[in-house]
Amino acid sequence: MTLRKSLMADSGLLLVAFFWGTTFVIVQGAIQTLPPFIFNAWRFLCASLCLCLAIPFIRGYGQKNVTRQTLFKGGILGTLLFAGYSTQTMALIYSSASKVAFITGLSVVLVPIFAFIILREQPKLAALLGVGAATVGLYLMSIFKDLSIHAGDFLAFLCAFGFALHIIYTATFTKNESSLHLTIIQLLVVSLLSFLGGLVTDGVTATFLPESLIQPEVLWSLLSTAILATSLAYFMQTYLQLFTPATHVGLIFIMEPVFAALTAVIWQNEQIPLHVKWGSALIMIGMLLAEWPQKSHSDSASKNV
């Protein structure tokens, strides 16, 4: 794999983090009206349908078959993704947003550990330094006064495990499977599990006949997040992870809170405290350290979109 391909992939993944970060304000507003499980259920369903509609327009995909292996691997990715989203949502009930954000962001530390254990991927020194800088930066962005441990903190840690493992297994599965089919299946799985979660927590009527769903603001939030921050973002992640180490992906995705903070400044005129500015700077330094020029190495993984 050439350094050029790796940098192009990392640039695309940075765009994914940008989509997630800039839509945070949109999602935050929508779930004030629509419960999180229900919002995610319809969001991921719309996203998967968007990708299904795109299949006839992508050369060669109309003739590709979905195998049992593809269904199995997509199911694992979808389950891990749902685990991350659901535990994060529940963690916010019991713990502060700052602590949940920090603990969830520790996935950046877990990714190189899992990459070494599962993928036998030896992390580079520059990447490890980047992980350290990003972790300190994340702490500064999420400074919290309460240092006691609550049930929400444990749920947030499970969330970090879910997101980290999702990155690792995406890197593993996408080498031999269709990126588009894997993405569609995992999004459908997240939608199905979210509908089940909605049935348990909010009931049948609220889940399948939510009156708030037809409100223009909620409908716009669903469609905008489904198209950019879900269908396009997860397809890009699934495909681009072919060309960059998993540790890089974890570091790049930690830019999401930085983009979220910038969005809050632009759209909500929020004032950024000094510690958040320093934290953002350290996260960006950590990401740049991961991109420190290395000797290129060959990689046998290659496939079509």
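Remark: F114 CZ to I168 CD1 distance equals 8.0 Å, nearest 0.5 Å. Residue L81 holds its CG atom at 8.0 Å from OG1 of T170, rounded to the nearest 0.5 Å. Rounding to the nearest 0.5 angstrom, the gap separating the CE atom in M284 from the CG atom in L251 is 13.5 Å.
Put simply, the side chain of S224 reaches to within 4.5 Å of the side chain of I26, judged on heavy atoms. Residues L199 and F208 have side chains in contact (heavy-atom distance under 4.5 Å, counting atoms from C-beta outward). By the 4.5 Å heavy-atom criterion applied to side chains, L232 and I227 are not counted as neighbours. The shortest distance between side-chain heavy atoms of T247 and L128 does not fall below 4.5 Å. In this structure the side chain of Q215 reaches within 4.5 angstrom of the side chain of T33, judged on heavy atoms.
Within 6.0 Å of atom CZ in F157, 12 or fewer heavy atoms from other residues, nucleotides or ligands are found, so the atom counts as exposed in its surroundings. Residue I214 qualifies as open at atom CD1: its count of foreign heavy atoms under 6.0 Å is 12 or below.
With ring centers used as reference points, F163 lies 6.0 Å or more from F253. Between F37 and F195, the gap from one ring centroid to the other reaches at least 6.0 Å. Between F82 and F44, the distance from one ring center to the other does not fall under 6.0 angstrom.
Between the side chain of T135 and the backbone N or O of V131 there is at least one donor-acceptor pair closer than 3.5 Å. Q241 contributes a side-chain N or O that, together with a main-chain N or O of I167, makes up a donor-acceptor pair within less than 3.5 Å.
For T67, the side chain to side chain donor-acceptor pair (under 3.5 Å) partners two or more places apart in sequence, or in a different chain, are T70.
T207 and D202 share no side-chain donor-acceptor pair at under 3.5 Å. A side-chain donor-acceptor contact under 3.5 Å links T238 and T183.
Cluster membership for L188 and L223, using ILVMFWY side-chain heavy atoms within less than 4.5 angstrom, is not shared. Hydrophobic clustering keeps F39 apart from W220 (ILVMFWY residues linked when any side-chain heavy atoms are closer than 4.5 Å, directly or through intermediates).
Ring planes of F243 and Y239: perpendicular class, angle over 60° (limits at 30 and 60°).
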>> Please determine whether ring-ring contact (aromatic ring centres under 6.0 Å, His included) holds for the pair F19 and F259, giving the CA-CA distance in whole Å, both sets of side-chain angles, and the decisive distance to 0.1 Å.
In response: CA-CA 9 Å; F19 287 150; F259 288 129; 9.8 Å; no

